[in-house]
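All chains are named by letter (A, B, ...) in the order of the sequence lines, taking the proteins before the strands, and each is independently numbered beginning at 1.
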There are 2 protein chains.
Amino acid sequence: MSLSQSVENILKAIYDLQLGDQWVSTSALADRLGQKPASVTNMIQRLARAKASLVDYTPYRGARLNPTGVKVALEIIRHHRLIELYLAQTLGVPWDRVHDEAERLEHVISEDLEDRMAAALADPRLDPHGSPIPTKDGQIAAVVGVPLSEAPMRATVRVTEVRDEDANLLRYLGAMGLYPGAEFTVTGREPFGGSLHIRFNDQDLHLGEEALPHIRVAVQT
Amino acid sequence: MSLSQSVENILKAIYDLQLGDQWVSTSALADRLGQKPASVTNMIQRLARAKASLVDYTPYRGARLNPTGVKVALEIIRHHRLIELYLAQTLGVPWDRVHDEAERLEHVISEDLEDRMAAALADPRLDPHGSPIPTKDGQIAAVVGVPLSEAPMRATVRVTEVRDEDANLLRYLGAMGLYPGAEFTVTGREPFGGSLHIRFNDQDLHLGEEALPHIRVAVQT
DNA sequence: TAAAAGATTTAGGTGAGACTAAAACAGTGC
DNA sequence: GCACTGTTTTAGTCTCACCTAAATCTTTTA
């Protein structure tokens, strides 16, 4: 039961976009995958009427993963995040580049290689962006922290996760040393739009509004 | 100028089968690639009439790489062999399994990753099977040694290379410790067929005729 | 509540990469 | 030098993964 890269990518996209047991629209998927909605509809329909189906599909509602689909998606995400951490840790690939590399590698590594990387990293729980790595048996830790946009004013917070898709943001944060684990204080918020001023490491930084949903923080007590 | 995996594979196959500037037949390529001759003809024709052509093709004669094609093929082979060595050395993948893994990975690693692996291995010259790794600028060392079938009787020889495609042979040789660098003596040859008896490490081993062309040795003076 | 706006699907098309069956060609043997 | 044999190409078909344009459905709004 080996899947094409296209299928693996669409499963991953559904997993990422699905909230609870809600449906994911074809246009949201098309957006995420950089394809046209009609193309996604087509793929999803083929996927849904395959024998060993992984997704449920209702016309005009959208798609969602069934339990088997979730398991498969988590396997792919495990590959992705293990590879990211391996590349960062062992080969020194900067954290803003590991995503693109993992995006291609995740589809072609064997289970054996997965196991060897995991062992070399001593069964890690988090990737370089702070995202949890699913276990081999398909468990995934709950998300920690809240989006930075919801952090209270003047609070001291610790970065728990930075979403890995936006290489520019990662480069910017990385240059500042603002990795998961770093602590900073929320010093101000623009009245409209909501971009944020923070104090980190004796520097005042400004985070644009579009960056905030990509950053999760835990408010320190 | 990024090539599909199918195209990369066919270029590699032509490189492997091409002797000097001779033509490689479509059926030989089909054999090597596990496809039908008609499929190969089709692919080659498309390849040959592409603008930036990498292969010459003459109907009923076959295909061969032009200088640009050779350069591209060597880049892919560099990827393949670097990956093999990296997996063996760094992750402990046994030498009979690195080939299959590299076969998939070679098409998806970035130049940056190639460089990082090469640096981690201190710019290696040979892969785990003793095959030369092309340099980044497309040079490749000459083959060392002769096929074991041509080794003289009672000679002491040193293994220089074992072709990586036959996992069973690699497993057998590996179990004996017979890696590149190992020395043994040719003790006997079967009159017909030509399978070989050797003495290595105080053991008498028997190598079937089909194994001999896959093993290259340097005769010790 | 009906029409407009927006989202989604259907219909039809393309190119890559494979296949089979049939036709064309090349090399050999008489 | 011609027929036979085996190789190679041509012709036609299939699936996958995308696309555009047109039709259909859903939701919003007047």
_For residues 61-71 of chain A, which residue pairs pass the side chain to side chain donor-acceptor pair (under 3.5 Å) check, not counting sequence neighbours?_
none

*Starting at CG of A/D31 and ending at C1' of D/dC18, how long is that distance when rounded to a whole Å?*
17 Å

*Answer yes when A/K136 and A/E75 have at least one side-chain N-carboxylate O distance shorter than 4.0 Å, and no when they do not.*
no

*Can A/D112 and A/S110 be counted as having a side-chain donor-acceptor contact under 3.5 angstrom?*
no

_Measure CD/A/Q45 against C1'/D/dC18 and give the value in whole Å, please._
15 Å

*Sort out for me which residue in A/E8, A/H107, A/E114, A/E106 forms a side-chain hydrogen bond (donor to acceptor under 3.5 Å, both in side chains) with A/H79.*
A/E114

*Send over the distance from A/Y57 OH to C/dT10 C1', rounded to a whole Å.*
10 Å

*Smallest separation among heavy atoms of A/I83 and A/M117, with atom names*: CG1-CE, 3.7 Å

_Sequence-aligned protein contact record of nucleotides 16-21 of chain C, with B where the base is within under 4.0 Å of a protein heavy atom and S where only the sugar-phosphate is_ = SBSBBB

_B/R116 to A/G92 - nearest heavy-atom pair and separation_ = NH1-O, 3.0 Å

With a cut-off of 3.5 Å and sequence neighbours excluded, list every side-chain donor-acceptor pair involving residues 138-151 of chain B.
none

*Can the ring centres of B/H129 and B/H99 be said to be less than 6.0 Å apart?*
no

*asked:* Looking at A/K12 and A/E103, is there a salt bridge between them, counting it only when a charged N and a carboxylate O are closer than 4.0 Å?
replied: yes

Between the protein and nucleotides 24-26 of chain D, which nitrogen or oxygen pairs are less than 3.5 angstrom apart?
from   : atom 1 : to    : atom 2 : distance (Å)
D/dC25 : O4'    : A/Y60 : OH     : 3.4

Let me have the donor-acceptor pairs involving side chains of residues 28-45 of chain B, under 3.5 Å, with sequence neighbours excluded, atom names and distances please.
from  : atom 1 : to    : atom 2 : distance (Å)
B/R32 : NH1    : B/D16 : OD2    : 2.8
B/T41 : OG1    : B/P37 : O      : 3.1
B/Q45 : NE2    : B/Y57 : OH     : 3.4

*For DNA chain D, determine which residues of residues 10-29 of chain B have any heavy atom closer than 4.0 angstrom to one of its atoms, and list them numerically.*
B/S25, B/T26, B/S27

